[in-house]
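FYI, the numbering just counts along the sequence from 1.
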Amino acid sequence: LVNLSRSYNRLKGPVPAEITTVKSMELLHVHKNMLTGSVTCDSSNALESFISDCGDPSDSPNPVKCECCTECCNVFGLCQSNNAELMSTEEASLSLVGTILGFVIVVWVLRFKETWLKLNVIDIDVVESCGIDSVYAFFITKSSLAWSFGILSYFIQLAMFVLPLLSSSFSYAENDWIYSLRCPSSALSCEDDRNISPFGWSMFSILLALSLAPDLIKGVKLIYLSALRKSFGCFLAGFVLVSITAIAVFTSVLYNNSIATSSTGLIINAVVLLIVNIIDEMMFNLLATAAPDWTGKVVKEAKEKSKTLSRRTREEDSPSSNNSEIVQEILDHPVVRRMQEQIDALEQAVSALNNRNSRQLDRDSAQIGQNVDIHDSAYHLDILFGEAV
């Protein structure tokens, strides 16, 4: 027995446990019946096509539970592929954490291995990187209240991304998977109503790249800058940008893979999810409207702190600053300091000698002046005496 199809027969009762143990069986279709119970499959005898009524909703009070089915059908005769899931919720969570931590570790390693990569963080502005109208720029201020609004916005974004991320998993009871397959009784294969072209996925990828790449780059630069300046607020702002970007990418890909049925729907769903990325700006607009004076003071403090971070980094990373540090290190050497002391003593001796010579020269000049005056007086007396004679 290789292929067995008993679909659309309104069969009742539990699914026989022995039916999946037939070694030669490759296809088993038992959907559109009223079967119940759980089905387990031997890993050594995985069926190429196994369809049952394990979809949702079901008209049976005790629907079939089948973890090894390739397709699950619901009461409307529509089915979904259980192999279409890119990754489970657990795998997605681990991948997210690994990606975010990987970014942070790589950036911090590059901070101490500047010969590998020199990021252009000299002129980076923290406020502009977070967004001139974003509450994430508040992380570089000293206001605990401002920090609380930034953290609140971050967790709101996480919650809005986690919900569709969970809904894209088969294991989630309230998942949003689209039943797009039709498995008629007259055929041994199913037809997929989804029509997403490679061009649609390409446009989807371009949209994500153009929307999220700037935030990712700015977040990486902020983390690098925080390593240079040892600023936790700057690090937190960069971490938020990197993590939200990573979560947005994972959620957009996984959720669209579960619900999109066309290229147009793929783009529309991506745009809707990307709106979550501006929750921090919405929070800022709310604060600016409700408390404009307080918000203005916080923004002013953030801008001043940002200028300080940028200026200090520019001064420390400039060649003249590096040369000054090297010169100062040389001047502080004991041998060089002894030489400098000897030079100072020699300069003092030369200066004293010059002073003595100068005083002697002044006395000689005065004596010469007196002799000249006596000679002139005698000359004039001779002239007067001659005239008198």
### Query
Is there a donor-acceptor pair under 3.5 Å between the side chain of Thr251 and the backbone N or O of Ala248?
no

### Side chain Asp192, main chain Arg194, donor-acceptor under 3.5 Å
yes

### Query
In Å, rounded to the nearest 0.5 Å, how long is the span from CE of Met34 to CG of Asp53?
9.5 Å

### Query
Does one hydrophobic cluster hold both Ile51 and Leu27, with members joined at side-chain heavy-atom distances below 4.5 Å?
no

### salt bridge (charged side-chain N to carboxylate O under 4.0 Å, His left out) between Arg182 and Asp193, worked out
CA-CA 8 Å; Arg182 298 182 183 274; Asp193 291 339; 2.8 Å; yes

### Check: His31 main-chain N/O paired with Asn33 side-chain donor or acceptor under 3.5 Å
yes

## Note on the structure
The reported gap from CG in Leu35 to CZ in Arg10 (rounded to nearest 0.5 angstrom) is 10.5 Å

### Task
Consider only side-chain heavy atoms of I, L, V, M, F, W and Y, link residues closer than 4.5 Å, and tell whether Ile178 and Val272 are in one cluster.
no

### Query
Would you call the rings of Trp147 and Phe232 parallel, tilted or perpendicular if under 30° counts as parallel and over 60° as perpendicular?
parallel

### Query
Just by distance, with hydrogens left out, do Asn195 and Ser262 show a side-chain donor and acceptor under 3.5 Å apart?
no

### Task
Mind checking the OG1-CZ spacing from Thr295 to Phe149? Nearest 0.5 Å is all I need.
8.0 Å

### Task
For residues Gly238 and Leu222, report the shortest heavy-atom separation together with the two atoms involved.
CA-CB, 3.7 Å

### Query
Do Ile275 and Met282 have side-chain heavy atoms sitting under 4.5 Å apart?
yes

### Message
One pair to check against side chain to side chain contact (heavy atoms under 4.5 Å, CB included): Leu207 and Leu274. What are the steps and the verdict?
### Response
CA-CA 10 Å; Leu207 176 62; Leu274 289 175; 4.1 Å; yes

### Message
With heavy-atom distances below 4.5 Å as the criterion, would you say the side chains of Gln157 and Asp280 are in contact?
### Response
yes

### Query
Is the backbone N or O of Gly265 less than 3.5 Å from a side-chain atom of Asn269, with the two atoms forming a donor-acceptor pair by type?
yes

### Residue pair Ile151 / Phe139, side-chain heavy-atom distance below 4.5 Å
yes

### Query
Can Ser197 and Ser263 be counted as having a side-chain donor-acceptor contact under 3.5 angstrom?
yes

### Query
Which atom names give the shortest non-hydrogen contact between Ser185 and Tyr8, and what distance separates them?
CB-CD1, 3.4 Å

### Query
Do you know the tightest heavy-atom contact between Leu273 and Ser252?
CD1-CA, 3.7 Å

### Task
For residues Thr70 and Leu47, determine if any side-chain heavy atom of one lies less than 4.5 Å from a side-chain heavy atom of the other.
no

### Query
Going from CE on Met283 to OH on Tyr154, what distance comes out if it is rounded to the nearest 0.5 angstrom?
15.0 Å

### Query
Will you find, in the side chains of Tyr179 and Asp56, an N or O donor that is under 3.5 Å from an N or O acceptor?
no

### Message
Rounded at 0.5 Å granularity, tell me how far SG in Cys69 sits from CD in Gln80.
### Response
11.0 Å

### Query
Taking the side chain as C-beta and beyond, is there a heavy-atom pair between Tyr255 and Asp176 under 4.5 Å?
yes

#### Entry: Closest contact, heavy atoms only, Ser52 versus Val64
OG-CG1, 3.9 Å

### N/O donor-acceptor pair under 3.5 Å between Asn74 side chain and Gly55 backbone
no

### Message
Quick check on the hydrophobic clustering: are Ile268 and Val253 connected, directly or via other members, by side-chain heavy-atom contacts under 4.5 Å?
### Response
no

### Query
Do Phe50 and His29 have their ring centres less than 6.0 Å from each other?
no

### Task
Indicate yes or no for a side-chain donor-acceptor contact from Asn256 to the backbone of Ala260 under 3.5 Å, with no hydrogens or angles considered.
no

### Query
With under 30° as parallel and over 60° as perpendicular, where do the rings of Phe235 and Phe239 fit, or are they tilted in between?
parallel

### Task
Find out if a path of hydrophobic residues (ILVMFWY) with successive side-chain heavy-atom gaps under 4.5 Å connects Met160 to Val242.
yes

### Message
With a 4.5 Å cut-off on side-chain heavy atoms, are Phe250 and Phe161 touching?
### Response
no

### Query
With distance as the sole test, does Asn9 use its side chain to make a donor-acceptor pair with the main-chain N or O of Leu11 at under 3.5 Å?
no

### Task
Evaluate side chain to side chain contact (heavy atoms under 4.5 Å, CB included) for Ile267 paired with Met203, printing each intermediate quantity in order.
CA-CA 7 Å; Ile267 301 299; Met203 294 298 100; 3.8 Å; yes

### Task
Could you tell me whether a side-chain N or O of Thr141 sits under 3.5 Å from a main-chain N or O of Phe138, the two making a donor and an acceptor?
yes

### Query
With hydrophobic residues grouped by side-chain heavy-atom distances under 4.5 Å, do Val75 and Val15 end up in a single group?
no

### Query
What distance do Ile259 atom CD1 and Leu254 atom CG have between them, rounded to the nearest 0.5 Å?
12.0 Å

### Query
Is the SG of Cys54 found under 2.5 Å away from the SG of Cys72?
yes

### Message
Quick one, Phe155 and Leu158 - any side-chain contact, counting heavy atoms below 4.5 Å?
### Response
yes

### Query
Does the side chain of Phe284 come within less than 4.5 Å of Val299's, by heavy atoms?
yes

### Query
Is there a donor-acceptor contact under 3.5 Å linking the side chains of Thr245 and Asp215?
no

### Query
When you take the SG atom of each Cys, Cys79 and Cys73, is the space between them under 2.5 Å?
yes

### Query
Any donor-acceptor pair under 3.5 Å linking the side chain of Ser306 with the backbone of Ala302?
no

